[in-house]
Amino acid sequence: MPQPPQNRQIHLISRPSGLPSLENFKLCINQVPEIKKNEILIRVHYLSVDPYMRGRIGGRRSSHPPFPINQPANGDGVGQVVQSNHPDFHTGDFVSGYLDWADYSIASADQLWKFNPNEISPTTALSVLGMPAMTAYFGLLDIGKPQTGETIAISAAAGAVGMIVGQIAKIKGCHVIGIAGGDTKIQYLLKELQFDGAVNYKKSDWAQTLHAACPEGIDIYFDNVGGTITDEAMKLLNRHARVVLCGQISSYNLEQPDIGPRNFRHLIVKSAMAKGFLVIPDYKHRFQEGRDQLLEWLKQKKIKPYETITQGLENIPKAFLGLFSGENLGKQLVQV
Ligand code: NAP
């Protein structure tokens with residue numbers, strides 16, 4: 001296949017303090033890269049933007065290295081092989097893996113997961129079968145350990161992780177309460193996903209609504225947000241409750257740590273447990289198990305996918321920034 005002459009890429013050109021802005025990114029045009037031995041060239045179709053990238057943009061080292069300045073940013077994506085120097089990958093294969101924010105990206109075979117597009121749609125590979133879904137699956141089942149009849153409260157419940165947590169918790173027979181911002185999200189959780197309750201934290205009486213929605217208290221709190229939402233949820237913990245510390249998005253753009261009420265007392269008096277985790281690396285070796293189960297639930301229509309898809313590679317920074325103002329319902333993707 002003749003190679004197209006150019007490759008659009010989104011580079012990080014400066015590191016923000018506080019909330020990032022579009023000025024921190026730049027659309028650059030380069031040549032399509034040449035592949036070396038064992039490498040694979042991929043035409044990128046969809047890219048995922050995720051809150052953890054805020055740390056990479058800021059230069060913080062956590063599970064992933066910082067994005068270098070003046071080079072393409074990267075993250076989970078799907079695409080099709082256009083050229084391969086590896087025997088297991090052929091032109092036309094659909095793959096998911098770590099890809100540049102670009103039209104074309106090079107990957108090595110060990111970074112890629114090949115899937116059948118007749119069985120799994122490319123966007124599903126990034127949503128119900130992608131990294132956030134693995135986070136939901138292992139965080140809930142391994143740490144939350146849901147039991148039938150228990151109450152679970154989930155913050156950022158209408159997002160990529162939260163939506164899957166809630167649906168798995170329903171499968172496990174839990175009483176599921178979602179916390180999210182805005183009426184559209186609340187209606188989606190109640191009507192489409194059949195959550196038992198949903199709390200719009202942008203309303204002034206949200207704390208009372210949360211208490212009213214959990215008359216039996218909270219057995220599992222799946223925390224994606226932190227801050228005042230978590231302060232309130234902690235007050236409702238039951239004896240032997242489990243707090244799954246998944247994310248703290250409310251503090252990702254703060255320059256100074258947000259010191260709120262010290263809530264550990266609630267853990268002591270309820271003999272409760274709070275545990276943090278990083279899905280990569282903690283559960284990377286079990287992703288296939290998670291994918292197999294989620295795919296089965298998807299086929300049985302026990303789990304519904306939902307993606308917000310922004311059009312155009314050039315709009316990746318905008319889609320990323322939208323995560324911090326709640327623009328997305330479900331998994332935020334960009335169609336390149
Ligand atoms: P997401 O929920 O799809 O998108 C982020 C959502 O967070 C937004 O839609 C917004 O929803 C909410 N939000 C943003 N700023 C907020 C604030 N100040 N207060 C309250 N809510 C706010 O993102 P995701 O990919 O599913 O990730 C959810 C969380 O899990 C993030 O904290 C992320 O860092 C974490 N995470 C952790 C791991 C891990 O391995 N531990 C892996 C993946 C993700 P509303 O409209 O409802 O405000």
Side-chain angles (χ1 to χ4, degrees), residues 18-20 47-58 60 62-64 75-76 126-128 130-140 142-144 153-168 177-189 195 198-203 206-207 210 221-233 243-254 258 260 274-284 286-287 290 305-310 319-334:
L19 187 68
L47 289 161
S48 170
V49 286
D50 297 274
Y52 79 89
M53 292 169 173
R54 176 62 186 87
R56 303 188 70 192
I57 287 168
R60 290 194 289 268
S62 60
S63 56
H64 296 78
D76 284 314
L126 292 172
S127 61
V128 176
M131 180 279 288
M134 298 300 121
T135 307
Y137 180 86
F138 292 109
L140 177 63
D142 233 46
I143 302 173
I154 306 155
S155 54
V161 175
M163 210 179 252
I164 304 292
V165 171
Q167 294 185 79
I168 299 175
I177 307 300
I179 307 167
D183 287 336
T184 307
K185 294 187 178 186
I186 297 302
Q187 288 312 312
Y188 188 82
L189 297 178
F195 281 20
V199 178
N200 180 355
Y201 75 90
K202 291 189 173 164
K203 287 200 165 158
W206 68 270
L210 177 64
Y221 173 51
F222 197 104
D223 187 17
N224 288 313
V225 167
T228 51
I229 293 174
T230 298
D231 294 343
E232 210 55 46
V243 177
V244 185
L245 295 173
C246 175
Q248 300 278 292
I249 195 168
S250 69
S251 66
Y252 291 175
N253 292 307
L254 300 179
D258 178 26
K275 186 178 183 312
F277 73 108
L278 280 175
V279 74
I280 299 172
D282 298 358
Y283 294 100
K284 182 79 183 144
R286 291 176 61 189
F287 271 22
Y306 198 98
E307 296 111 17
T308 296
I309 301 177
T310 298
F320 169 71
L321 294 178
L323 295 172
F324 298 96
S325 49
E327 303 296 315
N328 62 306
L329 179 60
K331 182 76 206 88
Q332 176 67 58
L333 301 176
V334 174

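All of these numbers come straight from a predicted model, not from anything done at the bench. Heavy-atom basis, side chains included; hydrogens, waters and symmetry copies ignored. Whatever order the structure lists them in is the order used to number ligands and atoms, beginning at 1.
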Has ligand 1 got any nitrogen or oxygen that is less than 3.5 angstrom from a nitrogen or oxygen of [X]?
X: Ser250; value: no
X: Ile280; value: no
X: Glu327; value: no
X: Ser325; value: no
X: Asn224; value: yes
X: Val161; value: yes
X: Ala160; value: yes
X: Gly247; value: no
X: Val279; value: yes
X: Phe277; value: yes

Measuring centre to centre across the rings, with the benzene-like ring taken for any Trp, is Tyr137 within less than 6.0 Å of Tyr283?
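Ring centres of Tyr283 and Tyr137 not closer than 6.0 Å.
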[X] side-chain N/O to [Y] backbone N/O, donor-acceptor pair under 3.5 Å:
X: Ser155; Y: Asn224; answer: yes
X: Gln167; Y: Met163; answer: yes
X: Lys185; Y: Asn328; answer: yes

Sub-4.5 Å side-chain heavy-atom contact between [X] and [Y]:
X: Phe287; Y: Ile280; result: yes
X: Ser48; Y: Met131; result: no
X: Pro132; Y: Asp50; result: yes
X: Val244; Y: Leu140; result: no
X: Thr228; Y: Tyr201; result: no
X: Thr135; Y: Phe277; result: yes
X: Asp183; Y: Lys203; result: yes
X: Ile229; Y: Trp206; result: yes

Side chains of Tyr221 and Asp223: do they bring a donor and an acceptor to under 3.5 Å?
yes
Tell me: protein heavy atom nearest [atom], and distance?
atom: atom 46 (O) of ligand 1; answer: Lys185 NZ, 2.6 Å
atom: atom 37 (C) of ligand 1; answer: Cys246 O, 3.1 Å
atom: atom 4 (O) of ligand 1; answer: Asn328 ND2, 3.4 Å
atom: atom 47 (O) of ligand 1; answer: Gly181 N, 2.8 Å
atom: atom 2 (O) of ligand 1; answer: Gly159 CA, 3.2 Å
atom: atom 23 (O) of ligand 1; answer: Pro51 CG, 3.4 Å
atom: atom 16 (C) of ligand 1; answer: Ile249 CG2, 3.8 Å
atom: atom 10 (C) of ligand 1; answer: Gly326 CA, 3.6 Å

Are any of the heavy atoms in [X] under 4.0 Å away from ligand 1?
X: Gly227; answer: no
X: Ala158; answer: no
X: Arg54; answer: no
X: Gln332; answer: no

For [X], take its heavy atoms, then give the atoms of ligand 1 lying under 4.0 Å from any of them.
X: Gln248; answer: 32 (O)
X: Tyr201; answer: 19 (N), 20 (C), 21 (N), 22 (C), 45 (P), 47 (O), 48 (O)
X: Val225; answer: 19 (N), 20 (C), 21 (N)
X: Ala180; answer: 47 (O)
X: Gly330; answer: 3 (O)

If you look at every heavy atom in Asn200 and Gly182, which pair is closest and at what distance?
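That would be OD1-N, 3.0 Å.
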Between atom CG of Asn253 and atom CZ of Phe324, what is the distance when rounded to the nearest 0.5 Å?
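It comes to 5.0 Å.
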Quick test of your reading of the structure: of Thr135, Ile164, Leu254, whose heavy atom lies closest to atom 38 (C) of ligand 1?
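It is Thr135 whose heavy atom sits nearest to atom 38 (C) of ligand 1.
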Residue Lys202 excluded, over 12 heavy atoms near NZ under 6.0 Å
yes
Worked verdict on Ser251 versus Asp258 for side chain to side chain donor-acceptor pair (under 3.5 Å):
CA-CA 7 Å; Ser251 66; Asp258 178 26; over 6 Å; no
Once you restrict to heavy atoms under 4.0 Å, what part of Met131 touches ligand 1? Side chain, backbone, both or neither.
side chain
